[in-house]
Asks: 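Structure below; questions to follow.
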Amino acid sequence: MIVAMTMSPLDLAARLRDRIRRAAAAAPVVIRVRRLMVAFMRLSFVPYGQGSHSRSPRGVAKMTIADVNRTMTKNPDLVAEIGLLLYPGCQLAAIHGLTDLFRLAGELSGDDAGAIRVSHWQADDDGVGCVWDSHPGPPHRLTHVIAPPSIILPKLMAPAPAEAAWLRDQHGSGAILCSVCAGAFVLAETGLIDGRRATTHWAFARQLAARFPKVKLADAHMVVDEGDIMTAGGILAWTDLGLTLVDRLLGPATMLATARFLLIEPPRQSQRPFAQFVPRFDHGDDAIRQSQHHIHANAQTMQGVGDLADRAGMTGRTFLRRFRAATGFSPVEYLQQVRIAKAREALERTLTPVDRIAWEVGYSDPAAFRKLFQKLTSIPPAAYRQQFGIAG
């Protein structure tokens, strides 16, 4: 789009915005996305800090990102304001990714649906304040606040009392609080999810339960919605949470258009296909550890777990209590986890038929194996192989 130099960058952006919205109103989703891509590719951007605008060698007007932000958000019809909390060690990719996702969703929604205001908040010596705003000017009215993932392992995360206090204040003012992955640890510091269902990354679930025992862990779920509290699982589950919020604020058509544009799946329901069985051997109970070793060595041929208590020299009730306390599973559940872990590996790395895998891991009934596999992973064996298989 060649523009005479008499046209200012702001006029250029205004014209672009009008063209996008006219196209959006008249076109189906696929055409709407394509036109949006073409329109944006015709603009040439310069990085932050290089002036409000400059001239290209060909005489084409260039614009800074700040120019576009100011122009394309003039007098917006806002449907929500989502605050993203920057705490020490948070994942900046999630902060910027969510910012882009919500901005794009607003552009894809067309004229009538409105836009989502996004603001970034960070603590300093004076408290938590706004450090970036997609729609500067109007007073803030946060409808949602998201604590993003952390790139620091939870055991190394420092307490965040200032952020927790600010989150409590926002919740008291009516905001829906959200977290992604290890952001649940920051959210849990508020005390607001005591007695409530919440999810986090499956690998951090035990740490969350140990540090905040009053939280009702639901780590099998990708997104848990408790109304005024929403939590999401894995480190990239910010896409699932973001699309879920787009669905509710701008509608399912805009959510699907956003997912297609970004080449990501619509919100997923479960973490179970991704979770690994990670047995614990460092619990300090030698007798139970020996029983675990026996299960791992003989899982394929074991006919049951009835003899484990006798091998450990305990009554059945005592053995069951100590086994669960040490491992987090009953003996039967533990044996199932060991077998299904072996089956998952075979499905990922070989082309062995499912019925043969069932036999090799210890199940003579393929139908029973398929039922148990789906119970523990949430998907059938064939679908698991299709998603995770790397053989052939």
Asks: Mark yes or no for whether D124, through its side chain, and G127, through its backbone, hold a donor-acceptor pair below 3.5 Å.
Replies: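 Confirmed, D124 side chain pairs with G127 backbone.
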
Asks: What's the verdict on side-chain contact (heavy atoms from CB on, under 4.5 Å) for T199 and M222, showing C-alpha distance, side-chain angles and the deciding distance?
Replies: CA-CA 7 Å; T199 188; M222 190 66 74; over 6 Å; no

Asks: Inspect the contact between R197 and E226 and indicate whether a charged nitrogen and a carboxylate oxygen are less than 4.0 angstrom apart.
Replies: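 Answer for the salt bridge query: yes.
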
Asks: Determine yes or no for a side-chain-to-main-chain donor-acceptor pair under 3.5 angstrom, with R211 supplying the side chain and P154 the backbone.
Replies: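 Present.
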
Asks: Given the rule that I, L, V, M, F, W and Y join up when any side-chain heavy atoms are under 4.5 Å apart, are I340 and F274 in one cluster?
Replies: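 As far as the 4.5 Å side-chain criterion goes, F274 and I340 are connected within one cluster.
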
Asks: So which heavy atom on A184 is nearest to which on I193, and how close?
Replies: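 For A184 versus I193, the nearest heavy atoms are O-CD1, 4.3 Å.
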
Asks: Given side-chain contact (heavy atoms from CB on, under 4.5 Å), test M230 with L245 step by step and report yes or no.
Replies: CA-CA 10 Å; M230 297 178 67; L245 293 178; 3.9 Å; yes

Asks: Can you name the residues that form a ring-ring contact (aromatic ring centres under 6.0 Å, His included) with H140, not counting sequence neighbours?
Replies: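 Partners of H140 under the ring-ring contact (aromatic ring centres under 6.0 Å, His included) test: W121.
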
Asks: Hydrophobic cluster membership, with links at side-chain heavy-atom distances under 4.5 Å among I/L/V/M/F/W/Y: are V118 and L101 in one?
Replies: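 Shared cluster, yes.
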
Asks: Sequence neighbours left out, what passes side-chain contact (heavy atoms from CB on, under 4.5 Å) with L98? Give chain and number order.
Replies: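 Listed in chain order: L84, F102, I146, W238.
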
Asks: Any Lys/Arg nitrogen of R289 or D286 sitting under 4.0 Å from an Asp/Glu carboxylate oxygen of the other?
Replies: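 Yes, charged N to carboxylate O under 4.0 Å.
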
Asks: If you link I, L, V, M, F, W and Y whenever their side-chain heavy atoms are under 4.5 Å apart, who else ends up in the same group as L335?
Replies: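 F277, F281, I288, I295, M302, V305, L308, M314, F319, F323, F329, V332, Y334, V338, listed by chain and number.
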
Asks: Measure from NZ or CZ of R339 to the centre of the six-membered ring of Y363 and say whether it is under 6.0 Å with the direction within 45° of the ring axis.
Replies: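 Yes; both conditions hold, so R339 lies above the ring face of Y363.
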
Asks: Nearest 0.5 angstrom please: L156 CG to I151 CD1, how far?
Replies: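 The CG atom of L156 sits 12.0 Å away from the CD1 atom of I151.
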
Asks: For residues A188 and L208, report the shortest heavy-atom separation together with the two atoms involved.
Replies: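 Nearest pair, atom of A188 first, then L208: CB-CD1, 4.4 Å.
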
Asks: Please name all residues satisfying side chain to side chain donor-acceptor pair (under 3.5 Å) with Y384, sequence neighbours left out, ordered by chain then number.
Replies: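 With sequence neighbours excluded, Y384 shows a side chain to side chain donor-acceptor pair (under 3.5 Å) to R344, E348, given in chain and number order.
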
Asks: Which residues pass the side-chain contact (heavy atoms from CB on, under 4.5 Å) test with D228, not counting sequence neighbours?
Replies: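 H171, R196.
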
Asks: Distance check, rounded to the nearest 0.5 Å: T200 atom OG1 versus Q271 atom CD?
Replies: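 Spacing of OG1 (T200) from CD (Q271) equals 7.5 Å.
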
Asks: Find out if a path of hydrophobic residues (ILVMFWY) with successive side-chain heavy-atom gaps under 4.5 Å connects L192 to L241.
Replies: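 Different clusters.
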
Asks: Determine the minimum heavy-atom distance between P136 and R117, stating which atoms define it.
Replies: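 Shortest heavy-atom separation between P136 and R117 comes out as CA-NH2, 4.5 Å.
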
Asks: Look at D365 together with R370 and state whether they make a salt bridge at an N to O cut-off of under 4.0 Å.
Replies: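 Salt bridge flag = no for R370 with D365.
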
Asks: Using a strict threshold of under 4.0 Å (side-chain N to carboxylate O), is an ion pair present between E360 and K342?
Replies: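 Salt bridge absent between K342 and E360.
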
Asks: Work out which heavy atom in T99 is nearest to a heavy atom in I95; give both atom names and the distance.
Replies: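 That closest heavy-atom pairing would be OG1-O, 2.7 Å.
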
Asks: With sequence neighbours excluded, what pairs up with D307 under the side chain to side chain donor-acceptor pair (under 3.5 Å) test?
Replies: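 Expected list: none.
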
